[in-house]
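The figures that follow rest on heavy atoms only: side chains count, while hydrogens, waters and symmetry mates do not.
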Amino acid sequence: MSLQFKDEEFQSAWKELDEPQLEGGWELFTETMGVKIYRLHDKETGLYEYKVFGVLNNCNAELCAEVYMDLTYRKNWDTYVKELYEKDFGGQNAIYWEVKYPFPMSNRDYVYMRERRDLDVDGRKIWVILARSAPETPCAEKSGVLRVKDYKQSVALESDGGCGTKVFMNYFDNPGGMIPTWLVNWAAKTGVPGFLTDMQKACSNYSKFCAKK
């Protein structure tokens, strides 16, 4: 089954590397370690959609894309992963991902599709990865784990002209359940820069991981 991503979605993701699209209510949420995070209030859910702009130092863009796509390696460096794998669910290829939540909250899990494209834009090499939840995928829900049915993410990566990578990320995630707003905000404020720091470290250790396989 072909993935449900359109060419325009890939185009609009990489274009944000050049011109961030922040009209229509986007506000600067936090800026830390050279990373700017903007948010947009979603009236329907009361939650926020986020856009992230930053640079990963000492990590080239192609390596970033490889690390981002490697689910086996993700389990090695991302401490929040409980389960993560790609498989065929009744004729539909999708990724299953269970995320650890702190006690007393229930873990969350996702079933989503993703696609990566390596683009050549007038000689510029840009890597774009899109992901979105696939609630229609026949994957049974687990007792005690809340299924996230509304999730989307897009990532664009390009060399910063040196030995780093320019990163754009856009995501929305409705974790469901009764999570206090302050905790959601705290998680966004600390989790995204933390994830990018972990990703940077993961890039530097990737060759060692591959050598062991």
Side-chain angles (χ1 to χ4, degrees), residues 1-40 49-74 76-78 86 93-95 112-134 151-173 192-211 213:
M1 179 175 174
S2 66
L3 296 184
Q4 306 300 303
F5 298 107
K6 298 183 179 128
D7 290 346
E8 302 86 76
E9 293 177 83
F10 289 93
Q11 296 296 321
S12 62
W14 77 256
K15 283 178 179 172
E16 298 248 14
L17 289 167
D18 293 349
E19 289 181 35
Q21 300 297 305
L22 298 169
E23 304 81 31
W26 288 93
E27 59 179 18
L28 182 63
F29 175 47
T30 187
E31 187 171 355
T32 175
M33 303 179 331
V35 176
K36 284 185 176 177
I37 304 175
Y38 293 84
R39 68 182 186 179
L40 178 68
E49 181 176 345
Y50 296 93
K51 284 188 177 182
V52 182
F53 302 87
V55 172
L56 286 177
N57 297 313
N58 303 314
C59 178
N60 76 57
E62 186 169 14
L63 176 61
C64 275
E66 293 293 333
V67 167
Y68 193 85
M69 293 293 288
D70 192 327
L71 300 181
T72 307
Y73 186 43
R74 176 78 175 258
N76 194 273
W77 63 266
D78 186 342
E86 190 165 6
N93 210 42
I95 293 166
Y112 67 97
M113 294 196 243
R114 84 174 168 178
E115 185 180 349
R116 164 182 159 178
R117 287 194 195 169
D118 304 352
L119 306 176
D120 185 316
V121 181
D122 300 325
R124 293 164 61 187
K125 283 193 155 187
I126 303 174
W127 289 261
V128 178
I129 301 153
L130 303 181
R132 115 162 28 103
S133 50
Y151 160 75
K152 68 170 186 179
Q153 185 170 46
S154 56
V155 178
L157 306 161
E158 181 183 29
S159 169
D160 68 348
C163 51
T165 298
K166 269 174 84 176
V167 179
F168 162 70
M169 188 188 290
N170 175 209
Y171 71 95
F172 177 79
D173 185 335
V192 175
F195 173 77
L196 292 175
T197 303
D198 290 347
M199 178 94 178
Q200 214 163 310
K201 200 188 283 180
C203 285
S204 63
N205 293 326
Y206 192 47
S207 57
K208 281 185 205 157
F209 173 78
C210 291
K213 283 205 285 189

Interatomic spacing from [atom1] in [X] to [atom2] in [Y] - rounded to 0.5 Å:
{"X": "T197", "Y": "L56", "atom1": "OG1", "atom2": "CG", "value": "8.5 Å"}
{"X": "Q153", "Y": "D173", "atom1": "CD", "atom2": "CG", "value": "9.0 Å"}
{"X": "S12", "Y": "Q21", "atom1": "OG", "atom2": "CD", "value": "8.5 Å"}
{"X": "I126", "Y": "L17", "atom1": "CD1", "atom2": "CG", "value": "6.0 Å"}
{"X": "E16", "Y": "Q11", "atom1": "CD", "atom2": "CD", "value": "13.0 Å"}
{"X": "S154", "Y": "K51", "atom1": "OG", "atom2": "NZ", "value": "8.0 Å"}

Mind checking side chain to side chain contact (heavy atoms under 4.5 Å, CB included) for A61 and listing every partner two or more places apart, or none if nothing turns up?
-> W127, L157, T165
Who passes side chain to side chain contact (heavy atoms under 4.5 Å, CB included) against S133, sequence neighbours left out?
-> P135, Y151
Residues 31-40, side-chain donor-acceptor partners within the protein, below 3.5 Å, at least two apart:
from, atom 1, to, atom 2, distance (Å)
R39, NE, E27, OE2, 2.6
R39, NH1, N185, OD1, 3.4
R39, NH2, E27, OE2, 3.2

For [X], all residues meeting salt bridge (Lys or Arg N to Asp or Glu O under 4.0 Å), sequence neighbours excluded:
{"X": "E66", "answer": "R116"}
{"X": "D198", "answer": "none"}
{"X": "K152", "answer": "E49"}
{"X": "D120", "answer": "none"}

Given side chains that start at C-beta, do those of V192 and T30 come closer than 4.5 Å, heavy atoms only?
-> no
Hey, are the side chains of V167 and C64 touching, using non-hydrogen atoms and a 4.5 Å cut-off?
-> no
Heavy-atom nearest pair, D70 first then T72, reads OD1-N, 3.2 Å
Which atom of L63 lies closest to which atom of C203, heavy atoms considered = CD2-O, 3.6 Å
Does any pair with a residue in residues 53-62 pass side chain to side chain donor-acceptor pair (under 3.5 Å), and if so which ones, sequence neighbours excluded?
-> none
Any salt bridge (charged side-chain N to carboxylate O under 4.0 Å, His left out) pairs touching residues 157-168, not counting sequence neighbours?
-> R124-E158
So does [Y] get a backbone contact from the side chain of [X], meaning a donor-acceptor N/O pair under 3.5 Å?
{"X": "R132", "Y": "F5", "value": "no"}
{"X": "E9", "Y": "K6", "value": "yes"}
{"X": "Y73", "Y": "A202", "value": "yes"}

Kindly state each residue pair satisfying ring-ring contact (aromatic ring centres under 6.0 Å, His included) with at least one member in residues 12-32, sequence neighbours excluded.
-> F29-Y50
If the plane angle is over 60° it's perpendicular, under 30° parallel, otherwise tilted; pick one for F195 and Y68.
-> perpendicular
